Number of protein chains: 2
Amino acid sequence: MAALSGVSVKTASRALSGEGYVAVETKARVQSAADELGYRLNRTARELRRGGNTSTLVGLLSGDLANPFYSRLASGLERELRMHGLQLITASTDENPEWEGRLTDSLLERRVRGLVVASTMAEHGHLAAERRHGSPFVFVDRPPVNLTADAVLLDNRGGAKRAAEHLLERGHRRIGIVGDLSRLSTHQDRVEGFAEAMEAAGIADWREYLLEDAHDVDKAERAVLALLARDPAPTAVFTTNNRITTGALRALRQGGGGRDTALIGFDELDLGDVLGVTVIAHDPEEMGRHAARLLLSRLDGDEGPARRVVLPTRLVERSTTAPR
Amino acid sequence: MAALSGVSVKTASRALSGEGYVAVETKARVQSAADELGYRLNRTARELRRGGNTSTLVGLLSGDLANPFYSRLASGLERELRMHGLQLITASTDENPEWEGRLTDSLLERRVRGLVVASTMAEHGHLAAERRHGSPFVFVDRPPVNLTADAVLLDNRGGAKRAAEHLLERGHRRIGIVGDLSRLSTHQDRVEGFAEAMEAAGIADWREYLLEDAHDVDKAERAVLALLARDPAPTAVFTTNNRITTGALRALRQGGGGRDTALIGFDELDLGDVLGVTVIAHDPEEMGRHAARLLLSRLDGDEGPARRVVLPTRLVERSTTAPR
DNA sequence: GTGAAAGCGCTAACAC
DNA sequence: GTGTTAGCGCTTTCAC
């Protein structure tokens, strides 16, 4: 104990934690003793003693950090939290509901101050008890089901509808749509928005060209190739997220009839401007910042009803949908 | 306390922590009482009592998660750690040494089990005392200075040399090089490797076309435009990381004389294959996995001398350096 | 300005 | 199988 080098127990605490009420000289003595011993305050013990809500940890549960959507979300979230003295602890679920459950438990056991979750679960009723006693939740990207909680979502339906309309305006009628895991609400919303525009245009059989569950780049590439091999082939493709768009670009690059196929993707791409890919863009960092702000206001004592923020998307027109 | 609902104190602990030696019936009773009360074990308290090294947290300090290099590193690291029951806590330094110091302290106060750091500091001697008593460090991407510690690095020099050689083989003599913050060792190594190849080819004045400190995409774009405006302009450009390459692609796309300029970049790009950008590629996830393994072996009691893993890079030839 | 004692929630050690 | 006691490292009282 650093106390040995100085002359006390509690005084050391006062000196090192900057509580004040310590003689300047004493403080200096304790400080140097601590440095020498390589001693460091134990924040864990402090938080335990202080009781209640003193942890400075906020958990993030998301699919996979290697996906730029999640990593940009995490980046925006972390920056905003850090400005308020909070730290981010991340856990990847790989879109596996079972893991998500386990990781949620683990974070709650750690008494995180709050939880931000891009959930892959079908249902969140089991968290109701938790929410009453425990830390606030903020859902991002996908809304809570059977649970009232704050959420920051995208205008998936509107964005997808706009994508379809854009293609329809360009004269396309046979439009392929390649989607992610069909159980995800984001996927369903995007398909719905697409359907709305297609049906409004009198195209009832759009499902002919619907391919789902293309969860990674490889699957997406194969799905798009399969679509292009149809007879008649679609003249345009809508891909419902960044990875699927990547797969589609790989497929289209392979030539064949693909070169002429129009493409529009949901989510901005890192090099979307250079590649000239038309996209439905939005701002993942902004989503993270919003989530942080909602959480912070709850930590600040806001007991109001659950809030739902819906972030807009915008069409960024580039060459993959330019008139041929 | 859940003990009230059941009939004990320690027994509850035994039941909930799965220690065993509890009657099946008792266990069930405690369990359901806990569920009702929304009670949850406090892992923080447990770790405190257990003392020593029982935390399951591993810290990662890196530049910015929004950069795919770091997020892929984090992803690889997290996956490997998770398989061994460890969780990742991330902190972004934004390449600010002062923040890195503060964040390091904060993680150590939290008694993380180990620390993985892509350091932006010039010097790490101050961590020597820490290392003796505390948790192991693993340096990634950039080596420790004045400190002996495990490290996972890239073959920066070799990769950059290969890049220059590739351009020289294609007949280029005036080759621009645009680099990141000049104080970073990765930058310096890459410039050195480049210089080696250039000087071996008898090009002594390569520094004429060296531009440094292009730390973000915008700065890189402007740097490349400035380079192209020179007279005589370089016929090829080597960009020393992913963001700079992105900036360069934006600059080259703007036409002018740029269209003909050859380009090779360090780091793979998300859509590098689709865009046809020649790169010096490597595997950030693999770097994360290696770091995790080094850390795990230290936690496992390995007291051997510090190890240094150098990961290879490879040239991926695509159209931006194809003969015109 | 400083110290002594008690206790945060848990578990190791030793009872019973 | 279960309960008791003590103590992890800190901070909160309340003294001095």
Side-chain angles (χ1 to χ4, degrees), chain A residues 1-35 37-57 85 105-113 130 133-135, chain B residues 1-35 37-57 85 105-113 130 133-135:
Chain A
M1 184 48 109
L4 303 181
S5 325
V7 249
S8 49
V9 184
K10 164 62 188 176
T11 307
S13 166
R14 278 198 262 252
L16 296 173
S17 67
E19 180 190 326
Y21 297 103
V22 203
V24 196
E25 190 205 324
T26 314
K27 179 163 179 173
R29 195 146 33 97
V30 174
Q31 191 61 261
S32 71
D35 287 349
L37 273 65
Y39 171 84
R40 196 152 232 142
L41 251 115
N42 185 328
R43 185 189 278 254
T44 296
R46 171 203 293 230
E47 286 175 0
L48 179 57
R49 181 58 181 95
R50 288 233 178 120
N53 300 322
T54 43
S55 160
T56 59
L57 247 35
D105 282 348
S106 167
L107 290 171
L108 289 172
E109 280 181 4
R110 206 176 282 291
R111 297 296 188 269
V112 289
R113 198 72 180 287
E130 208 56 58
H133 269 267
S135 346
Chain B
M1 183 51 103
L4 303 180
S5 325
V7 249
S8 48
V9 185
K10 165 66 184 172
T11 307
S13 165
R14 279 198 262 253
L16 296 173
S17 69
E19 180 188 326
Y21 298 102
V22 202
V24 194
E25 189 207 323
T26 314
K27 178 163 179 171
R29 193 146 33 96
V30 174
Q31 191 62 261
S32 70
D35 287 349
L37 272 66
Y39 171 84
R40 195 153 232 140
L41 264 157
N42 186 328
R43 185 189 279 253
T44 297
R46 173 205 290 231
E47 286 176 359
L48 179 59
R49 180 58 180 96
R50 287 233 178 120
N53 301 321
T54 42
S55 161
T56 59
L57 247 34
D105 282 348
S106 166
L107 289 171
L108 290 172
E109 280 180 5
R110 206 176 283 290
R111 296 296 187 270
V112 289
R113 199 71 181 288
E130 209 56 58
H133 269 266
S135 345

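All chains are named by letter (A, B, ...) in the order of the sequence lines, taking the proteins before the strands, and each is independently numbered beginning at 1. Note that the structure is a prediction, hence the values are computed from the model and not measured.
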**OP:** Ignoring hydrogens and angles, answer whether the base of D/dG9 and the side-chain atoms of B/R111 contain a donor-acceptor pair closer than 3.5 Å.
**Re:** no
Original post:
For the side chain of A/Y39, counting heavy atoms from C-beta on, which of C/dT11, D/dG1, D/dC10 is nearest?
Top reply: D/dC10
Subject >> Whole-Å gap separating P (D/dA6) and NZ (B/K10) >> reply: 16 Å
Original post:
For atom NZ of A/K10, is the number of surrounding heavy atoms from other residues, nucleotides or ligands below 6.0 Å larger than 12?
Top reply: yes
**OP:** Mind checking the CZ-CD spacing from B/R111 to B/E109? Nearest 0.5 Å is all I need.
**Re:** 8.0 Å
**OP:** Quick one: closest heavy-atom pair of A/V112 and A/S55, and the distance?
**Re:** CA-OG, 4.2 Å
Subject >> The single option from A/N42, A/T56, A/T44 passing side-chain hydrogen bond (donor to acceptor under 3.5 Å, both in side chains) against B/R110 >> reply: A/T56
Original post:
Can you tell me how far the CZ atom of A/R43 sits from the CG atom of A/L57, to the nearest 0.5 Å?
Top reply: 9.0 Å
Original post:
For D/dT11, does OP1 or OP2 lie under 4.0 Å from any side-chain N or O of A/S13?
Top reply: yes
Subject >> Distance-minimising heavy-atom pair for B/A15 and B/V22 >> reply: N-CG2, 4.0 Å
Subject >> Non-hydrogen atoms of A/S17 and A/R46 that approach each other most closely >> reply: CB-NH2, 3.5 Å
Original post:
Counting any heavy atom closer than 4.0 Å, what does B/R43 reach on the DNA or RNA strands: base, sugar-phosphate only, or nothing?
Top reply: nothing
Original post:
In degrees, rounded to 10°, what is the bend between the two ends of the helix from C/dG1-D/dC16 to C/dC16-D/dG1, using five pairs at each?
Top reply: 30°
Original post:
Within the structure, does a side-chain N or O atom of B/T26 lie under 4.0 Å from either OP1 or OP2 of D/dT2?
Top reply: yes
Original post:
Could you state the CG-P distance from B/L41 to C/dG9, rounded to the nearest angstrom?
Top reply: 12 Å
Subject >> Whichever of A/R14 and A/N42 has its nearest DNA chain D nucleotide further upstream toward 5' >> reply: A/N42
Please list, for nucleotides 6-8 of chain C, all pairs of protein and nucleotide N/O atoms separated by less than 3.5 Å.
unit_1	atom_1	unit_2	atom_2	d
C/dG7	N2	A/R49	NE	2.5
C/dG7	N3	A/R49	NE	3.2
C/dC8	O2	A/R49	N	3.2

**OP:** Evaluate the side chain to side chain contact (heavy atoms under 4.5 Å, CB included) criterion for residues B/R29 and B/T26: first the C-alpha distance (whole Å), next the side-chain angles of each, then the deciding distance (0.1 Å), finally the verdict.
**Re:** CA-CA 5 Å; B/R29 193 146 33 96; B/T26 314; 4.1 Å; yes
Subject >> Spacing between B/E47 atom CD and C/dA12 atom P, to the nearest angstrom >> reply: 13 Å
Original post:
Is the distance from OP1 or OP2 of C/dT2 to the nearest side-chain N or O of A/T11 less than 4.0 Å?
Top reply: no
**OP:** Report the C-alpha separation of A/R40 and B/D105 in whole Å, then their side-chain angles, then the decisive distance to 0.1 Å, and conclude whether the side chain to side chain contact (heavy atoms under 4.5 Å, CB included) test is met.
**Re:** CA-CA 9 Å; A/R40 196 152 232 142; B/D105 282 348; 2.3 Å; yes
